[in-house]
Amino acid sequence: MRTIVLFAMSLFPVLCASAADVDRRIDDLIARMTLQEKLGQMSQSTSLKTPLSDAMKAEIRAGRWGSFLNAGDAKDRAEAQRIATEETRLKIPLIFGRDVIHGYQTVFPIPLGQAATWDPDLVRQAAREAAREAAADRIAWTFAPMIDIARDPRWGRIAESLGEDPYLASQLGAAMVRGFQGDSLAAPDSLAACAKHYAGYGAVEGGRDYNSAWIPEILLRDVYLRPFQAARKAGVATFMTAFNTLNAVPATADPFLLRDILRGEWNYDGMVVSDYEAVTNLIAHGYALDAREAARKSIRAGVEMEMVSTSFYDHAPDLLRAGEITMKEIDDSVRDILRLKFRLGLFDRRPLPPAPDHSRALVIAEKAAEESVVLLRNDKNVLPLSKSVEKLAVIGPLADSPVDQMGTWSMDGRADFVRTPLAALREMLGADRVIYARGLINSRNHSRAGFDRAVRAARDADAVVLFLGEEAILSGEARSRAFLNLPGAQEALVDAIAATGKPIAAVILAGRPLTFHDAATKIPAILYSFHPGAMGGPAIARLLFGDASPSGKLPVTFPRTVGQVPIYYAHLNTGRPPLPSDLGVPMGNPANPQGYTSKYIDVDYTPEYPFGFGLSYANFQYSPAELSSNTLPPGGRLRITAQVANSGRRASDEVVQLYTSGPLGGSVARPVRELKGFRRVHLEPGASTKVEFTITTADLAYYNPKMQLVTEPGPYRAWIAPDSASGAAVSFEVTK
Ligand code: BGC
């Protein structure tokens, strides 16, 4: 121990010296840069095309660009970098950014699927592999993690999110930052990460992409900002501003978000990039009259690099002359950009990492896919299927669609790495035992021309697996939906197959929570797989046949119908909470209206599946939670434990969840429950384990109406439970 301390101490002056040295080199560069060169650093472009044109080479040579995004191939990037570091006046390297969101060549489950694993270390490993693959192609910066809290499945970008909960998104977002950035940004296989979209983007009204967000400050701080603060604490190198207005001010020109909170309260010393043309989008927002004003407002607010639009470059000289922005604002931005480039080792000719090991990435991709699948129902234990099944019918538009299972951000994904469920099931059972019928050519298709074949396939088989859901292009950016049902004629396909009377299981592959209430009444077993990436096929095949047990848990609440949206577990109570008699309201037709409680008269007020929910092939029993004390003084710690046992006949992982609520009688009404911890445990049949969590008053803190972070005294409750809607509460008191 002592040796380690001495060693660390001996390194300390070296590290300090090198940080000071970097600052000195940055100051020296800034002193020598022309205004045009400074503004070039603050400009990011997509226009580096293959092959690199002479005009672009000349622009790079002149220092016109500091960064490129989603541009060129590895060869172009190498040549562009060579020009920047050898042929420009000051030899400042370029930084190449790219959307490496859920994998690069090896595609992992979409972020919402990774969130369903509740497995931070696995999420970290996936990001690490993505970084290795991307860095080998000379990318140094990824625009991930996307940590917008998403509580509206209409919003297509929920696919890219880590779900509805600030604690879960914080843990997993920080894990992604650690994975992308590795131990040191300067390592050849590290990428700078980017916390995006700062902030409030997940709350766009009506779930319509780019729409306005209205978030009271208390909710902003308690929910929407928490994952960003966690990313900041994890050392994220960059932040990206959001497209939306937040409380009537566009996030890309919001000094409250960028200066007061990010720089002031969180002491962030990294770099801030705008989103794609978000600076000139201020004009359409009606917040800037023209590009000149857009540049002024975003530079003043603290945006340092402009993505794609060119208002900084075009108008900053005039704004400076007019005294509407200051040279200090420009220099501060350039300083943060250059510091990022130093941190990444770009000034030292960052070497290429070793060629990536795709086979290792694929193993992680399969584990992530396996842990991400959520078993939503399993009546009469239809699943797992028996391997002695003679013929299996595989039906549906998503059984064999490599591009669709890769999900929304897979522009670099290698389709030849993908193994579809159909391919995996054929391999597992032998091709002659699998009868395949697509049924519909894609998820949106309305033609029933393929139904007869599909019905024949079902009739000729002993069991059917239906692969339903959404194509990849139905979720992601600008892919908001006003209906959440299975698109196309999929429900009719379910009816046709159910009518055969064969045992059916469905696997739904989608980029968001869908509503499929009626279909679910006809399908006894449903596995939900947020687009699972390259290795979705083998993972799903193993789960279907019991080589592994499902263990994913929902990172987001599933509504019964789109009319319930937004619906999330950590809501406040109303003054007129629903009664048990308000349960069981059938879908659609208004029931006999009665009672003045907070409910719907035409659908049960509860969700279809709650946050945190997911079944397995095991049978987990939770003992009542026990507390180390009934009181928690300020600065104290409370241990909360429960025994979790597997009384079933199959082994499985279980994600054990800790929730708290309270206090009652404080300065604000508090959510009915909030996630405060979780642990993935593995239990063999007959085994049990004690799961222990520790909480402090800091873990219970929330904002009061004066925007102070407080833990007020009073009665609190805690649950150790398999999901957000079950378990028995234990009570404790936070004392003064
Ligand atoms: C998206 C960002 C993305 C950027 C670059 C934008 O349209 O909102 O998430 O990183 O494009 O592709």
Side-chain angles (χ1 to χ4, degrees), residues 111-112 146-166 169 196-228 240-254 256-258 261 274-288 294 297-298 301 408 470 474-485 511-515 555-572 574 598 600 603 605 607 611 671:
L112 195 57
M146 194 275 224
I147 43 180
D148 297 309
I149 293 299
R151 296 179 161 183
D152 191 332
R154 293 172 299 183
W155 190 45
R157 302 200 81 167
I158 198 171
E160 300 173 50
S161 83
L162 297 168
E164 76 180 41
D165 183 70
K196 75 181 190 188
H197 307 84
Y198 186 68
Y201 191 24
V204 286
E205 277 187 320
R208 186 158 58 83
D209 206 3
Y210 316 121
N211 207 356
S212 321
W214 293 95
I215 309 176
E217 190 175 337
I218 198 163
L219 183 64
L220 185 70
R221 288 180 178 276
D222 256 339
V223 173
Y224 287 88
L225 293 187
R226 291 217 187 218
F228 287 94
M240 185 190 293
T241 64
F243 282 129
N244 53 286
T245 57
L246 173 64
N247 304 331
V249 178
T252 296
D254 189 348
F256 171 66
L257 284 176
L258 295 172
I261 296 185
S274 79
D275 203 346
Y276 204 108
E277 294 177 339
V279 174
T280 47
N281 285 176
L282 298 187
I283 304 167
H285 278 299
Y287 192 71
K297 288 190 161 172
S298 16
T408 178
E470 281 183 322
L474 297 188
S475 58
E477 185 174 349
R479 303 289 187 264
S480 296
R481 292 187 59 194
F483 296 88
L484 294 177
N485 55 317
R512 54 160 64 76
L514 293 174
T515 54
V556 61
T557 302
F558 274 44
R560 290 171 190 270
T561 166
V562 69
Q564 290 181 312
V565 172
I567 181 169
Y568 51 91
Y569 84 95
H571 60 84
L572 305 184
T574 72
S598 178
Y600 296 100
V603 69
Y605 66 87
F611 174 84

How many angstroms lie between [atom1] in [X] and [atom2] in [Y], if you round to the nearest 0.5 Å?
| X | Y | atom1 | atom2 | result |
| --- | --- | --- | --- | --- |
| Phe558 | Gln564 | CZ | CD | 13.0 Å |
| Ile149 | Asp222 | CD1 | CG | 11.5 Å |
| Ile158 | Ser475 | CD1 | OG | 10.0 Å |
| Arg560 | Thr515 | CZ | OG1 | 12.0 Å |
| Leu484 | Arg512 | CG | CZ | 6.5 Å |

Any side-chain heavy atom of [X] sitting closer than 4.5 Å to one from [Y]?
| X | Y | result |
| --- | --- | --- |
| Pro227 | Leu162 | no |
| Pro513 | Thr557 | no |
| Tyr568 | Asp165 | no |
| Arg479 | Asp209 | no |
| Pro559 | Pro153 | yes |
| Val565 | Trp155 | no |
| Thr561 | Asn485 | no |
| Tyr201 | Tyr210 | yes |

Backbone N/O of [Y] and side chain of [X]: donor-acceptor pair under 3.5 Å:
| X | Y | value |
| --- | --- | --- |
| Asn281 | Glu277 | yes |
| Lys297 | Tyr287 | yes |
| Asp152 | Arg154 | yes |
| His197 | Ala251 | no |
| Arg221 | Glu217 | no |
| Thr245 | Ser212 | no |

Practice item. Go through Arg151 and Glu164 one step at a time and tell me if the salt bridge (Lys or Arg N to Asp or Glu O under 4.0 Å) criterion holds. Key: CA-CA 5 Å; Arg151 296 179 161 183; Glu164 76 180 41; 5.5 Å; no
Review point. Has Arg208 got more than 12 heavy atoms of other residues, nucleotides or ligands less than 6.0 Å from its CZ?
Key: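 12 or below, so no.
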Review point. Which heavy atom of Ala253 sits nearest a heavy atom of Leu282, and at what distance?
Key: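 Result for this residue pair: CB-CD1, 3.8 Å.
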Point to revise | Exercise: identify the closest heavy-atom pair between Gly202 and Asp148 | key: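 In terms of heavy atoms, the two residues are closest at N-CB, 3.9 Å.
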Exercise for review: For the pair Lys196 and Ile147, evaluate side chain to side chain contact (heavy atoms under 4.5 Å, CB included) and give the outcome as yes or no after the intermediate values.
Suggested key: CA-CA 6 Å; Lys196 75 181 190 188; Ile147 43 180; over 6 Å; no
Exercise for review: Could you check Thr241, Asp275, Asn244 and say which one makes a side-chain hydrogen bond (donor to acceptor under 3.5 Å, both in side chains) with Thr252?
Suggested key: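 Per the side-chain hydrogen bond (donor to acceptor under 3.5 Å, both in side chains) rule, the option paired with Thr252 is Thr241, out of Thr241, Asp275, Asn244.
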Exercise for review: For Tyr198 and Phe228, run ring pair (Phe, Tyr, Trp, His ring centres under 6.0 Å): C-alpha distance rounded to whole Å, both residues' side-chain angles, the deciding distance at 0.1 Å, then the answer.
Suggested key: CA-CA 8 Å; Tyr198 186 68; Phe228 287 94; 5.3 Å; yes
Exercise for review: Begin from the C-alpha positions of Ile215 and Val223 and carry the test side chain to side chain contact (heavy atoms under 4.5 Å, CB included) through to its verdict.
Suggested key: CA-CA 10 Å; Ile215 309 176; Val223 173; over 6 Å; no
